[in-house]
Amino acid sequence: MSDDSVARPRPEAAVALRPAGRGRIEGGFWGARQRVNREVTIPLGGERVRESGGFANLELAARGAGGEHRGKVFADSDVYKWLEAVAWERGRAESDDLARLYKEAADLVAAAQDPDGYLHTYTQLTGRERYSDLASSHELYCAGHLMQAAVAGSRAVGDDTLLRVATRFADHLVKDLPADTLDGHPEIETALAELYRETGARPYLDLAARMVAIRGRELLPLKGHHGPGIRQDRVPLREAVTVEGHAVRAMYLAAGATDVAVETADGDLLAALGRQWRDMVAAKTYLTGGLGSVWYGEQFGGPHELAPETAYCETCAAVGSVQWSWRMLIATGEPAFADLMERTLYNAVLPGISLGGDRFFYVNALRVRAGANPDDRRAAARGRQDWYGTACCPPNVMRLLSSLGHYLATRDGEGIQLHLYANGAVRAGDVLLEVETDYPWDGRVEIVVRETPDRPWTLALRIPGWADGAGADGQSAGPGGYHRVRRTWRSGDRVSLDLAVRPRLTAAVPRLDVARGQAAVERGPLVYCLEQVDHPGVIVDDLCLASPDLSDGAPLTGLPAEVVPVIARGRAHVHREEDGGFPYRTAATPLESAHEGPVDLTFVPYYAWANRGAGPMTIWTPMH
Ligand code: FUB
Ligand code: ZN
């Protein structure tokens, strides 16, 4: 465990909390995911990046003789995100294999860099003029991912191979980037801020701050049918009241703007970001935490435009949301940000990868109908895919899982705050805490103090917003805040938390009309769904809930034994012959409800769906 935190504010930054540093996740829910990530996904990711030309592009650029660029204009970013994951993994546990993989790729990146610091293989190989098409070229987006990988290598294992490349690139940008330049895809802002934090070079922060300040003034040229909003260039961030446009871009920009706000003590900017975050949660976030309801342009829709089957919910948008909320949590200390992080991690990031760690969703629909068209490779009806032509999502999940230990805890002048619960240990200064839990399957979390100074400090434990009936050491602990215990601790002291994990039904507000008359099943932090595979003889589209009573079920064949299904009584609507003609009837006719016999409904955690074959699935189930 060390203070190699993700988004580590400078000492003078205006923040309420400071990251505690990397916690150790061991076993349990997230330990299993981290093991699969390390043993399966990251090695496989390296292979896929190689097969898709990511390394070949760098090799050609290193030779300096031109050549055919393979893949998308942002192919370099796949290499960098994968390298970032390798770096965080090395920090968790060094290995010869990981160190070799990292060195080979990092040396290649260094060799591909132009003498003046520039690096973007698409531009280098095609000979296109630098920065001539920043609305689409992703030059600075790739630079940003390079910088984040470099910071990870430096923080996690003190390897500065990429840091030297990144600082040369950043120095070049500070010196040579035309004034008032923006990238169509934000990312460079948060990366420059982190590079500033790592190196202390103030011009990097100033450049990031300038990019945040001038965004929203329609500086970027328009492309195709899109207006400036898709690239967050319609309204200055300081004035914006909501998030808009391409969801991943919006999240990366907001994360970078939050970094800038805290490092420059810009309270107005932070307040504007808080306003946008709250509007996003209130009107533009799926129950899963997923973001983006419009396929066209991979965008946010309007308020409450959250149709389940056409949900876009790109896995990268969920990763970006976690990054933004983490920064807002540090800036403000408000638990709502940690609540969204938790919801998003379990239900919007994790569905993006199969349980085996080798297949991926790019788009995460909340409903797939029987007979849904699987034509687009991103369509959920097709199930997870081995890789994608636009492979932004898989390495994004890799780097987040590798660095997950950083997001568990923070500290302030009063003590330590635990935000996310995972079996393992957390160190903050001279305090060492062990966390024993089978969360999220079980709500019991035992915190054991192993090392402590001989003076009073406060242990703050987040009680999630859903955790009605939670308790700590026999006292009730209200949801949506922190349960705080202040005392002079002794080694061996324990606090027992019970987060009241049990199945519950959730409804949407009336304005979210696509979910009217329907309910979703949740259990603890997990959102559940109905899958066709558990309902032979009926079609998921025809099912409805017959009773609000829910109970835990027995393990299911084909899913890990620890996965707790939820059982309810249901019914299947009869799809009559006349319904198959023109599927409408006069609204004046009272709705007859013809049902077949009772059906036992089996709900499984949404993150685990499509691991036993793809098929119809729904998060929302009609109540009649
Ligand atoms: O443009 C780079 C990445 O490709 C975006 O972040 C994703 O949404 C995908 O469009
Ligand atoms: Zn993506």
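Both counts, for ligands and for their atoms, begin at 1 and track the order of listing.
Residues Arg378 and Tyr312 have side chains in contact (heavy-atom distance under 4.5 Å, counting atoms from C-beta outward).
The closest non-hydrogen atom to atom 3 (C) of ligand 1, taken over Tyr252, Tyr141, Tyr388, comes from Tyr141.
Between Asp183 and Arg231 there is no salt bridge, since no side-chain nitrogen of the basic residue lies less than 4.0 Å from a carboxylate oxygen of the acidic one. For the pair Glu198 and Arg8, the salt-bridge criterion is met [side-chain N within less than 4.0 Å of a carboxylate O]. A salt bridge is absent between Asp78 and Arg50: the closest approach of a Lys/Arg side-chain nitrogen to an acidic carboxylate oxygen does not fall below 4.0 angstrom.
With hydrogens and angles left out, the side-chain atoms of Ser325 and Trp277 include a donor and acceptor closer than 3.5 Å.
The one candidate from His246, Gln323, Met280, Glu314 that meets the side chain to side chain contact (heavy atoms under 4.5 Å, CB included) condition with Met251 is Met280. Under the side chain to side chain contact (heavy atoms under 4.5 Å, CB included) test applied with Pro203, the options Asp171, Val174, Leu173 reduce to a single match, Val174.
Within the listing of ligand 1, atoms 7 (C), 8 (O), 9 (C), 10 (O) sit less than 4.0 angstrom from a heavy atom of Tyr362. Counting the atoms of ligand 1 from 1 in the order shown, those under 4.0 Å from a heavy atom of Thr390 are 4 (O), 9 (C). Listed by number with element, the atoms of ligand 1 under 4.0 Å from a non-hydrogen atom of His138 are 1 (O), 2 (C). For ligand 1, the atoms lying closer than 4.0 Å to a non-hydrogen atom of Glu298 are 7 (C), 8 (O), 9 (C), 10 (O). Atoms of ligand 1 found under 4.0 Å from any heavy atom of Val248, numbered from 1 in the order shown, are 6 (O), 8 (O). Each of the atoms 1 (O), 2 (C), 5 (C), 6 (O) of ligand 1 lies under 4.0 Å from some heavy atom of His185.
Note on Glu314: its N/O/S atom closest to the Zn ion (ligand 2) is OE2.
Shown here for Leu108 and Phe55, the closest heavy-atom pair between the two residues is CD2-O, 3.7 Å.
The angle Cys393:SG - the Zn ion (ligand 2) - Cys316:SG amounts to 110°, with values rounded to 10 degrees.
The protein atom (non-hydrogen) at minimum distance from atom 8 (O) of ligand 1 is Glu314 OE1, 2.7 Å.
Put simply, part of Cys392 is less than 4.0 Å from ligand 1, judged by heavy atoms.
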